[in-house]
Amino acid sequence: MTPGLVSPTRRVPASIVRPEYVGREAPTPYQGPDVQPPEVVERMRVAGRLAAQALSEVAAHITPGITTDELDRIGHEFLCDNGAYPSTLGYRGFPKSLCTSVNEVICHGIPDSTVLRDGDIVNIDITAFVTLDGIGVHGDTDATYPVGEVDEESRLLVERTRQALDRAIAAVRPGRRLNVIGRVIESYARRFGYGVVRDFTGHGVHTSFHSGLVVPHYDDPRADMVLQPGMTFTIEPMLNLGTPDWTMWDDGWTVVTADLRRSAQFEHTLVVTDDAAEVLTLP
């Protein structure tokens with residue numbers, strides 16, 4: 001992949017509440033707890049469903065010949081039409097309303113004039129910021145999709161990355177250590193020789209887009225926090241056909257595999273319940 005042309009910043013209606021970081025270099029560091037009160041979780045259900053619906057709307061338009069910028073327009077307009085702010089727009093200067101990561105792009109691809117081709121795979125990462133009764137929360141989700149007919153190796157990579165996420169979610173239980181998530185993902189990915197990206201992780205999310213809580217996708221013994229009911233975070237494994245190593249484009253955002261082999265990713269926002277995990281980003 002090579003960088004395309006990035007279109008001007010899209011407008012968000014003035015009536016839609018912005019996250020506090022919009023127009024600033026960085027967000028205010030989150031100082032609150034990882035466990036969220038019921039009123040925050042209930043609003044996250046709204047934001048999560050809307051993000052999932054936006055993802056489905058964008059995915060319905062993935063076809064050979066469409067540009068990633070057009071996919072950004074579709075996602076942007078869907079969120080704005082439903083009263084939500086696209087969380088990525090203006091986050092640390094990111095210029096678009098979702099991320100489009102094609103083929104060897106691991107994450108944070110910037111939508112631009114790139115035309116999707118038959119046989120590509122593309123990850124769409126979209127987050128909705130919704131404010132209800134003065135409380136603003138984020139719902140964060142992504143998925144990888146085939147463009148037209150893809151080769152068997154790519155198809156299996158996508159299918160197995162989704163399975164890795166599902167298995168990790170199923171492992172979430174209160175009382176378990178956080179690193180059970182990465183242990184499940186890494187052990188599954190190793191069956192197929194996939195590289196598990198380590199430097200880009202899941203994260204705490206709620207009133208803060210990225211709270212500081214880190215959710216590794218490999219078995220990291222340092223991730224020894226005990227899971228508790230009410231904790232909200234994302235799990236978003238990135239699996240590569242080859243090396244887990246990466247490089248970054250000069251735009252400061254686009255992360256690509258070091259060997260330029262393909263990468264896939266899936267993500268859900270969830271809350272730990274009394275006995276399992278509830279996925280908040282289902283349509």
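Nearest approach of Val17 to Tyr85, heavy atoms of both residues: O-CB, 3.7 Å. Considering all non-hydrogen atoms of both residues, Thr88 and Ser97 come closest at OG1-C, 3.0 Å. In terms of heavy-atom proximity, Pro146 sits nearest to Ile62 at O-CG2, 4.0 Å. Annotation for Glu57 and His61: closest pair O-ND1, 2.9 Å, computed over non-hydrogen atoms. Summarising the geometry of His268 relative to Leu282, their closest heavy-atom pair is CE1-CD2, 3.9 Å, with the distance given to 0.1 Å. Residue Tyr194 comes nearest to Leu241 through the heavy atom pair CE2-CD2, 3.9 Å, listed as atom of the first residue, atom of the second, then distance.
Within a 6.0 Å radius of CG in Asp250, no more than 12 heavy atoms belonging to other residues, nucleotides or ligands are found. Counting heavy atoms of neighbouring residues, nucleotides and ligands inside a 6.0 Å radius, atom CD of Glu152 exceeds 12 of them. Heavy-atom contacts from other residues, nucleotides or ligands closer than 6.0 Å to CZ of Arg117 number 12 or fewer. For Asp81, the CG atom is densely surrounded, since the number of other residues' heavy atoms within 6.0 Å is greater than 12.
Here CD of Glu39 is found 5.5 Å from CD1 of Ile135. Values are rounded to the nearest 0.5 Å. Here the CG atom belonging to Asp140 is positioned 12.5 Å from the CD1 atom belonging to Ile235, to the nearest 0.5 angstrom. The structure places OG of Ser154 at 7.5 Å from CG of Asn103, a figure rounded to the nearest 0.5 Å. Rounding to the nearest 0.5 Å gives a distance of 14.5 Å between NE2 of His76 and CG of Leu71. Atom CG of residue Asp120 and atom OG1 of residue Thr68 lie 10.5 Å apart, to the nearest 0.5 angstrom. Taking CZ from Arg155 and CD from Glu149, the interatomic distance works out to 11.0 Å, rounded to the nearest 0.5 Å.
Checked for salt-bridge contact, Glu278 and Arg45 meet the test: a charged N lies under 4.0 Å from a carboxylate O. Ion pairing between Glu70 and Arg73 holds under the 4.0 Å rule for side-chain N and carboxylate O. Under a 4.0 Å N-O distance rule, the pair Glu186/Arg190 qualifies as a salt bridge. Salt bridge present: Asp69 and Lys96 bring a charged side-chain N and a carboxylate O closer than 4.0 Å.
Counted by atom type alone, Arg49 and Gln53 present zero donor-acceptor pairs between their side chains at under 3.5 Å. For the residue pair Thr232 and His206, no side-chain donor N or O sits within less than 3.5 Å of a side-chain acceptor on the partner. With hydrogens and angles left out, the side-chain atoms of Asn179 and Asp220 include no donor and acceptor closer than 3.5 Å. Looking at Thr257 and Asn240, their side chains never bring a donor and an acceptor atom within 3.5 Å of each other.
In this structure, Ile74 is a member of the same hydrophobic cluster as Ile126, with clusters built from ILVMFWY side-chain heavy atoms closer than 4.5 Å. Follow the hydrophobic side-chain contacts under 4.5 Å out from Val115 and you never reach Val147; the two are in separate clusters. Phe94 and Val58 fall into different hydrophobic clusters, defined by Ile, Leu, Val, Met, Phe, Trp and Tyr side-chain heavy atoms under 4.5 Å apart, directly or through other members. Hydrophobic clustering of Ile, Leu, Val, Met, Phe, Trp and Tyr side chains at less than 4.5 Å, counting indirect connections, keeps Tyr145 apart from Val150. If you chain together hydrophobic residues whose side chains sit under 4.5 Å apart, Leu213 and Val40 never meet in one group.
Looking at Met1 and Trp249, their side chains come closer than 4.5 Å, going by heavy atoms from C-beta outward. Side-chain contact between Thr207 and Tyr30 is present, with at least one heavy-atom pair separated by less than 4.5 Å. Considering only heavy atoms from C-beta on, Phe129 stays 4.5 Å or farther from Leu79 through its side chain. Between Ile185 and Tyr218 there is no side-chain heavy-atom pair separated by less than 4.5 Å. You'll find the side chain of Thr234 stays beyond 4.5 Å of the side chain of Val215, heavy atoms only. The shortest distance between side-chain heavy atoms of Leu270 and Met231 does not fall below 4.5 Å. By the 4.5 Å heavy-atom criterion applied to side chains, Val180 and Val172 are not counted as neighbours. Side chains of Ile16 and Cys80 form a contact here, defined as non-hydrogen atoms less than 4.5 Å apart.
A donor-acceptor contact shorter than 3.5 Å is absent between the side chain of His138 and the backbone of His210. Between the Asn123 side chain and the Ala143 main chain, a donor and an acceptor come within less than 3.5 Å of each other. A distance-only check finds no donor-acceptor pair linking the side chain of Asn82 to the backbone of Ala84 [under 3.5 Å]. In this structure, Arg198 contributes its side chain and Pro244 its backbone to no donor-acceptor pair below 3.5 Å. Looking at His108, its side chain never comes within 3.5 Å of a backbone N or O of Cys99 through a donor-acceptor pair. Asp259 contributes a side-chain N or O that, together with a main-chain N or O of Thr243, makes up a donor-acceptor pair within less than 3.5 Å. Judged purely by atom type and a 3.5 angstrom limit, Arg261 has no side-chain atom pairing as donor or acceptor with the backbone of Ala258. Proximity of a side-chain donor or acceptor of Ser101 to a complementary backbone N or O of Gly109 within less than 3.5 Å is detected. Ser187 places a side-chain N or O within 3.5 Å of a backbone atom of Val184 that can act as its donor or acceptor partner.
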Item to complete: Before giving the answer on side chain to side chain contact (heavy atoms under 4.5 Å, CB included), spell out for Thr141 and Thr269 the whole-Å C-alpha distance, their side-chain angles and the decisive distance to 0.1 Å.
Response: CA-CA 6 Å; Thr141 188; Thr269 296; 5.8 Å; no

Practice prompt. Apply the test side chain to side chain contact (heavy atoms under 4.5 Å, CB included) to residues Leu50 and Phe78: give CA-CA distance (whole Å), side-chain angles for both, the deciding distance (0.1 Å), then the verdict.
Written response: CA-CA 9 Å; Leu50 188 55; Phe78 183 93; 3.7 Å; yes

Discussion item. For a side chain to side chain contact (heavy atoms under 4.5 Å, CB included) check, start with the C-alpha distance between Met44 and Val271, then their side-chain angles and the critical distance, and finish with the verdict.
Written reply: CA-CA 9 Å; Met44 289 183 67; Val271 58; over 6 Å; no

Item to complete: Begin from the C-alpha positions of Arg191 and Arg160 and carry the test side chain to side chain contact (heavy atoms under 4.5 Å, CB included) through to its verdict.
Response: CA-CA 10 Å; Arg191 296 186 194 177; Arg160 290 164 176 168; over 6 Å; no

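Membership of the apolar cluster around Val197 extends to Ile106, Phe200, Met238, Trp246, Met248, Val255, as traced through chained side-chain contacts below 4.5 Å between ILVMFWY residues.
Using the six-membered ring where Trp is involved, Tyr21 and Tyr91 have ring planes that are perpendicular, over 60° apart on the 30 and 60° scheme.
For the side-chain hydrogen bond (donor to acceptor under 3.5 Å, both in side chains) with Gln265, the qualifying choice from Glu236, Arg162, His217 is Glu236, the only one to do so.
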